[in-house]
Amino acid sequence: MKTDQHLLPLKGVVQHYAWGGYAYIPNLIRQENPDLEPFAELWMGTHDRGPAVLKSQAGAILLKDWLSQTPEALGASQARFGAELPFLFKVLDVREMLSIQSHPTKAQAIKGFAAENEAGVPLSAPHRNFKDDNHKPEVMVALTDFWLLHGFRPEPEINAVLQSEPAFAPLIEHFKAGGIYGLYKTIMEWPQAQIDEVLHPLRERVLPAKLTDKSSPDFWAKRAFEQYSGTQEANYDRGIFSIYLFNLVYIPPGKGIFQGAGIPHAYLEGVNVELMANSDNVFRGGLTVKHVDVPMLLSHLNFDAVVPNILEGEPVNGFEFRYPTPAEDFQLNRIQLQEGDEYQPEPPKTAAIALVLEGVVRSDRGRVFRKGEAFFLPAGITYTLTAEEDATLFKALVPVD
């Protein structure tokens, strides 16, 4: 193992999307934000739209370039994923609700990417659905109270919603005739005038109301009307229906959830750590001003009712907990240390990226990593981290048998 291959400082890339928060990520990375610019996401990986920079003995270099020169640092994952890091590691601060979306399977991505290439659709085209040939499963762990939509509710619950909300009366016949699929297809294919007619009574009910209960869909519907329609009494976002049809899920700090292929979901509010396959493939279903390809969405969604599976974190050793998922591309672990603890895991079989969320740790070679600092762990290294104060870290890696 080369002497340069130890714990290498890694500088991530901030994405300033309009929906992002103003304080959490700047405080995390110790960066001033006097102009209240939105800091939506912190990316740590090799993605072309936000490549992280590695600080090696030779100087600063893009992580992807360093890996191309040092492929052995990837370890056992090379057999499955080649000379690339198969995941993208993020911190998200969701101030405004994100679009309803889902992602394809690997087979769907390969087929769809090839079809759009053959059709001559530019990669940068706003109506392009497949930006690459990869799937995009995701796991997240909440860092603050976190709210999201996740999968369709059971049919009895949807029926109860339709019966109890007078504005939704026109939807009952479609649900009775076609179940979840028929109902959702109707909503997504209705002309805008029909959407406005059905949603207007709901808007008139929720906008004046003083709503504080975030476990109620009404709270988020009001926020969606305000965010996407403002004061206008038309052009309501059809994604507002999904707030009532999907599971509204609360994730407390330290717990998580997995989003598999075809599961519709939307982040509503909160801060999380997210780990995903390295892909940009997204099908949108509302709560957005971006392109919504309805036929493509309908052909790739899972319309089965979903019971949200909250991930608690399984112990790996005395300090480490993992959040298991079916994904082969990634695994997310949390490391919890008290001052003076020494964390000495088995040498990693694959490359990993770690981020210090709280506290300070010192490596056995004397390198100090503080809150908001990330580092890259090449496969096969032996290392020890000592907590100089209570510390929390998250680690992204590739699972191996």
Is there a side-chain contact between L171 and L183, using heavy atoms and a 4.5 Å cut-off?
-> yes
Kindly indicate, with the supporting measurements, whether the criterion side-chain contact (heavy atoms from CB on, under 4.5 Å) is fulfilled by L337 and T392.
-> CA-CA 6 Å; L337 303 174; T392 301; over 6 Å; no
Kindly give the heavy-atom pair with the smallest separation between V361 and A391, and that separation in Å.
-> CG1-CB, 3.9 Å
When you check the side-chain N and O atoms of Q259 and H150, is any donor under 3.5 Å from an acceptor?
-> yes
Assess whether side-chain contact (heavy atoms from CB on, under 4.5 Å) is satisfied between L377 and L7, documenting all intermediate values.
-> CA-CA 5 Å; L377 300 88; L7 306 184; 3.8 Å; yes
Under 3.5 Å, is there a donor-acceptor pair between the side chain of N27 and the main chain of A23?
-> yes
Please answer whether the main-chain N or O of L67 pairs with a side-chain N or O of T70 as donor and acceptor at a distance below 3.5 Å.
-> no
For Y323 and N333, test the side chains for any donor-to-acceptor distance below 3.5 angstrom and give the result as yes or no.
-> no
Enter the distance from Q194:CD to L199:CG here, rounded to the nearest 0.5 Å.
-> 10.0 Å
Please check if any side-chain donor atom of Q192 sits under 3.5 Å from a side-chain acceptor atom of D196, or the reverse.
-> yes
Can you list the residues that meet the salt bridge (charged side-chain N to carboxylate O under 4.0 Å, His left out) rule with R322, with sequence neighbours excluded?
-> E314
Without hydrogens or angle criteria, can the side chains of H16 and E41 be said to hold a donor-acceptor pair below 3.5 Å?
-> no
Is the shortest heavy-atom distance from the side chain of F330 to the side chain of L397 under 4.5 Å?
-> no
M97 side, atom CE; T288 side, atom OG1 - distance, nearest 0.5 Å = 12.5 Å
Working for side-chain contact (heavy atoms from CB on, under 4.5 Å), residues L88 and L275 | CA-CA 6 Å; L88 179 59; L275 187 58; over 6 Å; no
Aromatic plane relationship, F283 with H300 - under 30° parallel, 30 to 60° tilted, over 60° perpendicular = tilted
Could you walk me through whether F130 and F113 pass the ring-ring contact (aromatic ring centres under 6.0 Å, His included) test, one step at a time?
-> CA-CA 5 Å; F130 295 91; F113 183 67; 8.1 Å; no
Please confirm whether the backbone N or O of N134 pairs with a side-chain atom of S279, one donor and one acceptor, at under 3.5 Å?
-> yes
Presence of salt bridge, E269 and R95, under 4.0 angstrom | no
Considering only heavy atoms from C-beta outward, does the side chain of L28 approach that of F39 to under 4.5 Å?
-> no
Do any N or O atoms from the side chain of S56 and from the backbone of G59 form a donor-acceptor pair under 3.5 angstrom?
-> yes
Minimal heavy-atom distance between V400 and A76, with the atoms involved, is CG1-CB, 4.0 Å
Classify the ring geometry between W43 and H47 as parallel (under 30°), tilted (30 to 60°) or perpendicular (over 60°).
-> perpendicular
May I ask you to check whether D329 and H135 show a side-chain donor-acceptor distance below 3.5 Å?
-> yes
Side chain to side chain, W190 and V198, heavy atoms closer than 4.5 Å | yes
Search all heavy atoms of P252 against all heavy atoms of A142 and return the closest pair with its distance.
-> O-CB, 3.5 Å
Compare all side-chain heavy atoms of F375 with those of L393 and state whether any distance is below 4.5 angstrom.
-> yes
So, does W220 use its side chain to make a donor-acceptor pair with the main chain of K214 at under 3.5 Å?
-> yes
Kindly compute the distance separating CG (L355) from CD1 (I29), expressed to the nearest 0.5 Å.
-> 10.5 Å
Would you mind checking if K64 and D48 are paired as a salt bridge, meaning a charged N to carboxylate O distance below 4.0 Å?
-> yes
How many angstroms lie between OG in S363 and NE2 in H6, if you round to the nearest 0.5 Å?
-> 5.5 Å
Are Y236 and R203 side-chain neighbours, meaning at least one heavy-atom pair lies under 4.5 Å?
-> yes
Can you pull the salt bridge (Lys or Arg N to Asp or Glu O under 4.0 Å) pairs that have at least one residue in residues 272-284, sequence neighbours excluded?
-> R49-D280
Passes side-chain contact (heavy atoms from CB on, under 4.5 Å), L298 versus F303? Steps please.
-> CA-CA 9 Å; L298 294 176; F303 290 93; 3.9 Å; yes
Is a side-chain N or O of D364 found less than 3.5 angstrom from the main chain of T384, in a donor-acceptor match?
-> yes
Check whether the side chains of D218 and Y244 place a donor and an acceptor atom closer than 3.5 Å, and report yes or no.
-> yes
Contact summary for P217 and I243, nearest pair of heavy atoms | O-CG2, 3.5 Å
Side chain proximity check, F146 to Y267, heavy atoms < 4.5 angstrom | yes
Other residues, nucleotides, ligands: >12 heavy atoms within 6.0 Å of R370 CZ | no
Output yes when a side-chain donor or acceptor of S216 lies under 3.5 Å from a complementary backbone atom of D213, and no otherwise.
-> no
Taking all atoms of both residues into account, what is the closest heavy-atom pair of A224 and I240, and its distance?
-> CB-CG1, 3.7 Å
Residue pairs involving residues 349-368 (criterion ring-ring contact (aromatic ring centres under 6.0 Å, His included); sequence neighbours excluded) = none
Donor-acceptor contact below 3.5 Å, side chain K106 vs main chain D133 | yes
CD/Q101 to CG/L149 distance, rounded to the nearest 0.5 angstrom?
-> 11.0 Å
Do N281 and D132 meet the criterion of a side-chain donor-acceptor pair at a distance under 3.5 Å?
-> yes
Quick one: do K395 and E320 make a salt bridge, cutoff under 4.0 Å?
-> yes
Side-chain contact test, heavy atoms from C-beta onward, threshold under 4.5 Å: evaluate it for L148 versus I251 and give yes or no.
-> yes
In terms of side-chain heavy atoms, does R153 have a donor or acceptor partner in N159 at a distance below 3.5 Å?
-> no
What is the ring orientation for F376 with W66, classed by angle as parallel under 30°, tilted 30 to 60°, or perpendicular over 60°?
-> perpendicular
Parallel, tilted or perpendicular: rings of F319 and Y343 (30°, 60°) = perpendicular
Can we say E373 and R30 salt-bridge, meaning some charged N sits less than 4.0 Å from an Asp/Glu carboxylate O?
-> yes
Please report the C-alpha distance between F241 and F168 in whole Å, then the side-chain angles of each, then the deciding distance to 0.1 Å, and finally whether the ring-ring contact (aromatic ring centres under 6.0 Å, His included) criterion is met.
-> CA-CA 9 Å; F241 289 107; F168 294 163; 5.7 Å; yes
H265 (side chain) donor-acceptor with I100 (main chain) under 3.5 angstrom | no
When rounded to the nearest 0.5 Å, the distance separating OH of Y24 from CG of N33 is 15.5 Å
P348 versus P378, closest heavy-atom pair with distance | CG-O, 3.7 Å
Hey, does the side chain of Q163 reach the backbone of A160 with a donor-acceptor pair shorter than 3.5 angstrom?
-> no
More than 12 heavy atoms from other groups under 6.0 Å of CD on E116 | yes
